[in-house]
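The structure appears right after this line, and notes come after that.
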Amino acid sequence: MTGDGWMDNQLDKFKNKLLNYFNGKIDEQNENIEVLSDDIMKMNIEIEETKKIITGLKNNMDDSQDIFSPSDNNDSFMLQEIKKLDDRVSELTDCIDKEKNEIAQGKDKIKEMNRMCSYIRKLKIRIEEKTEKSESDINNKKETGKIEDIKDKVDFCRKICITDVNRCKLELDNIYEMLNDL
């Protein structure tokens, strides 16, 4: 396997591990959201049932007794029960608010993880683009380097052409070969 093929294979393995990790976390969040939604539904049912019980207790209270004997309060038990049930409704409402907040946070996490998965999937394309660009940059630098070498050799030949004709001829042969390579 060539260096690039091996690198692509390793990158694909790493991407798959990351995608599997994020997909697992997304599944966990979805399951958590589903459980929270079920809890909210159950609590809403319990609130409705509790409110019906409270209404029933209030309807069964005897207000006429307070008129005749205010010191004797037989409904104090019912008032205590109504207070307990009201407290339970408040408690359930608070729990629902907290769980709705957790659901919103879970959905935000899912959006973020989906964004990361999208980025990971695109990672290969970007690396290939950079690889292609870097290969063309290297080729351009090689050609530019050869051209610079040729310029240096021509400059050297200009300086020695009068004093050392044989050396100048050898350098011109080298320049000719370098130009053929381009």
Side-chain angles (χ1 to χ4, degrees), residues 1-59 79-153 177-182:
M1 190 178 291
T2 64
D4 289 339
W6 180 81
M7 187 82 139
D8 289 341
N9 190 23
Q10 293 300 318
L11 179 63
D12 287 340
K13 286 181 182 178
F14 183 67
K15 282 177 25 180
N16 288 335
K17 284 182 182 180
L18 280 174
L19 289 172
N20 288 338
Y21 172 79
F22 281 120
N23 286 330
K25 290 296 182 182
I26 288 170
D27 290 344
E28 285 177 22
Q29 285 297 322
N30 281 328
E31 288 173 12
N32 189 34
I33 287 171
E34 190 174 318
V35 168
L36 291 171
S37 295
D38 288 345
D39 285 348
I40 289 173
M41 186 177 68
K42 289 174 186 174
M43 285 188 274
N44 278 329
I45 291 170
E46 187 177 341
I47 287 173
E48 291 302 316
E49 294 298 319
T50 306
K51 286 181 178 179
K52 287 178 185 176
I53 293 170
I54 291 171
T55 304
L57 288 174
K58 285 182 179 178
N59 289 338
L79 290 173
Q80 288 175 354
E81 287 301 310
I82 290 172
K83 171 95 171 89
K84 286 180 188 176
L85 292 173
D86 279 336
D87 290 344
R88 178 68 180 154
V89 168
S90 295
E91 181 183 310
L92 290 172
T93 303
D94 290 343
C95 286
I96 288 173
D97 290 342
K98 287 178 185 175
E99 290 189 1
K100 283 181 179 179
N101 190 26
E102 286 181 43
I103 288 173
Q105 289 174 353
K107 287 180 179 180
D108 289 343
K109 287 178 184 177
I110 289 172
K111 284 180 187 176
E112 184 64 24
M113 286 186 275
N114 280 327
R115 191 182 66 75
M116 290 301 295
C117 287
S118 174
Y119 177 77
I120 290 168
R121 285 185 198 101
K122 292 177 184 177
L123 190 60
K124 183 175 183 178
I125 295 169
R126 290 186 178 172
I127 287 175
E128 288 175 354
E129 288 173 358
K130 287 182 180 178
T131 303
E132 289 173 8
K133 287 180 183 177
S134 64
E135 286 176 4
S136 66
D137 288 344
I138 290 170
N139 289 337
N140 287 339
K141 287 180 182 177
K142 285 180 182 177
E143 290 176 9
T144 303
K146 287 182 180 179
I147 291 172
E148 291 298 319
D149 288 344
I150 292 171
K151 283 182 178 178
D152 290 342
K153 289 190 179 283
E177 291 298 320
M178 291 173 82
L179 288 171
N180 281 337
D181 290 342
L182 290 178

Contacts table for residues 31-49: side-chain donor-acceptor under 3.5 angstrom, sequence neighbours left out:
unit_1: Ser37; atom_1: OG; unit_2: Ile33; atom_2: O; d: 2.9
unit_1: Asn44; atom_1: ND2; unit_2: Ile40; atom_2: O; d: 3.4
unit_1: Glu46; atom_1: OE1; unit_2: Arg88; atom_2: NH2; d: 3.3
unit_1: Glu46; atom_1: OE2; unit_2: Arg88; atom_2: NE; d: 2.9
unit_1: Glu46; atom_1: OE2; unit_2: Arg88; atom_2: NH2; d: 2.9

(message) Taking side-chain hydrogen bond (donor to acceptor under 3.5 Å, both in side chains) as the cut-off, I'd like each qualifying pair that reaches into residues 104-117, sequence neighbours left out, listed once.
(response) Glu112-Arg115
(message) I need the Asn20 CG to Lys15 NZ distance, nearest 0.5 Å.
(response) 12.5 Å
List the atom pairs, with distances to 0.1 Å, where a side-chain N or O of residues 22-30 and a protein N or O form a donor-acceptor pair under 3.5 Å, not counting sequence neighbours.
unit_1: Asn23; atom_1: ND2; unit_2: Leu19; atom_2: O; d: 3.1
unit_1: Asn30; atom_1: ND2; unit_2: Ile26; atom_2: O; d: 3.4

(message) Given 3.5 Å as the limit, does a donor-acceptor pair link the side chain of Asn101 with the main chain of Asp97, or not?
(response) no
(request) Could I get the full list of side chain to side chain donor-acceptor pair (under 3.5 Å) partners for Asp87, not counting sequence neighbours? (result) Lys83
(request) Kindly write out the residues that satisfy side chain to side chain contact (heavy atoms under 4.5 Å, CB included) with Glu81, not counting sequence neighbours, or none if the list is empty. (result) Leu57, Phe77, Lys84
